[in-house]
Amino acid sequence: MAPVEIRKDLFWVGTADFGCRNFHGYSLAPRGTSYNAYLLRDEKTVLFDTVQAHAAPALLRHLEEIVPAEKVDYIVVNHLEQDHAGALDEMVRRCRPEKIFCSAPGAKSMAGYFDTRDWPVQTVKTGDSISTGRRHVSFVETRMLHWPDSMFSYIPEEKTLISNDAFGQNIASSFLYADQAERSDLSAAVEEYFYNIVLPFSSQVLKTLDLAAELKLDIELLAPDHGLIFRTPEDVAFILAKYRELALQKPRKKALIFYDTMWQSTGQQALAIADGLSEADVPYRIMFLKNHHHSEVMTALASCGAVIAGSPTHNNGLLPLVVAMLTYMKGLRPQNRLGGAFGSYGWSGEAPGQIADILGSMKMEQPAPPLKCLYKPKKEDLEAARALGRSIGRELAARCAV
Amino acid sequence: MKKYVCSLCGYEYDPAEGDPDHGVKPGTPFDLLPATWVCPLCGAGKEEFEAAE
């Protein structure tokens with residue numbers, strides 16, 4: 001996509017990455033992604049963020065359609081992660097900026113990635129503002145949303161918020177605006193991004209939303225560094241409300257069952273648990289971990305208030321995909337969930353108890369004790385599995401209407 | 001004295017060490033940290049800390 005003037009003298013100069021499928025080495029990106037960088041052409045010319053290193057030539061080409069690189073006076077670095085700052089050294093070399101603005105933790109990260117000794121770095125904090133001539137850029141630190149260095153840049157004269165990773169989505173597209181996308185697809189992409197990246201920092205999201213209200217940021221254009229830009233009042237309201245909803249993590253009346261299995265015994269238990277959930281009128285999703293990447297499972301959790309995990313006992317422990325899934329989930333710190341554990345075994349049977357311990361360490365209440373079944377589920381085992389599904393389902397239904 | 005962990009970034013406040021870089025002497029219990037004290041790693045407020053297990 002060629003550069004787009006998103007407000008008067010403010011241009012999108014980023015790149016779409018249609019080929020990206022593995023985002024940052026741990027999360028799938030089925031829609032690809034984009035690295036949004038922005039250029040403000042005022043009396044001072046300002047570049048906001050860059051792109052992943054491999055896309056530096058495209059950024060430079062886009063930028064130079066508007067101004068020669070050496071005309072860039074300031075570079076604002078809202079976040080040092082390499083999908084946004086990977087091309088920073090190249091841009092510093094080309095632009096020779098008068099100043100580079102970042103947060104105090106940003107200066108530390110910057111020095112960790114690059115030799116910044118000769119760079120004109122100036123740190124800024126919440127409330128600081130710089131003049132670009134006819135406009136201003138004011139900064140809002142958003143620590144741990146999602147790194148210590150993260151910050152927003154707000155241009156009051158343009159009512160534009162450049163929000164870095166917050167409100168982003170992994171979408172590569174030939175269009176730039178949220179109102180051009182299918183709402184359900186956009187919403188799913190927002191959930192996917194939130195649940196795989198932002199979730200542990202939900203409390204920071206709520207504080208940041210409150211701070212934005214307190215600072216009376218009037219936002220007509222909300223421009224994240226990944227995916228689509230929000231430009232209509234409806235869309236800006238949509239994404240702010242969506243973030244609040246996702247961060248609050250109120251229980252949802254749906255259960256997520258994930259498992260791995262060797263000879264289908266644990267798989268049969270999963271199906272019987274699902275029957276029990278149906279009896280309690282609770283919808284569910286079953287995910288067999290050999291078919292679903294851990295990031296897909298996390299995305300599915302966005303609409304689920306209960307997690308029911310299963311593994312056969314293998315060498316006195318869990319199957320590796322279940323360990324990976326639980327480790328990934330625990331790091332993302334989901335809140336307000338019910339839990340359940342199950343699995344088949346041949347002689348020792350430790351797995352369900354180990355799962356229950358991990359779910360417990362995530363502060364998940366477990367309405368039913370971990371359930372194990374010897375070798376192959378018999379009628380009574382399937383009934384017990386159904387009862388586990390029913391008891392979790394009833395407890396969940398009692399806590400939420402939808 | 002109990003240690004406290006920042007729930008955002010994992011930093012552990014150890015009262016035996018304090019936070020001398022930010023004016024907190026060794027031996028200061030978490031409860032006596034000023035309300036304005038923030039996590040030296042990520043800037044989270046005191047309310048984001050939980051007692052270590």
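A quick note: this is a predicted structure, and the numbers were derived from the prediction, not measured. Computed over heavy atoms, backbone and side chain alike; hydrogens, waters and symmetry mates excluded. We name chains A, B, ... by the order of the sequence lines, and we start the count at 1 in each one.
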*From Cys9(B) atom SG to Trp147(A) atom CH2, the distance as rounded to the nearest 0.5 Å*: 13.5 Å
*asked:* Between Met144(A) and Glu48(B), is the side chain to side chain contact (heavy atoms under 4.5 Å, CB included) condition met? List the steps.
replied: CA-CA 12 Å; Met144(A) 293 319 279; Glu48(B) 302 288 353; over 6 Å; no
*To the nearest 0.5 Å, how far apart are CZ in Arg143(A) and SG in Cys39(B)?*
8.5 Å
*Glu365(A), CD: over 12 other non-hydrogen atoms inside 6.0 angstrom*: no
_Between SG on residue Cys42(B) and NE2 on residue His146(A), distance to nearest 0.5 Å_ = 13.5 Å
_Side-chain heavy atoms of Ser203(A) within contact of Leu8(B), under 4.5 Å_ = yes
*Is it true that atom NZ of Lys3(B) has more than 12 heavy atoms of other residues, nucleotides or ligands lying nearer than 6.0 Å?*
no
*Please look at Pro105(A) and chain B and tell me whether the side chain, the backbone, both or neither of the residue comes under 4.5 angstrom of a heavy atom of that chain.*
neither
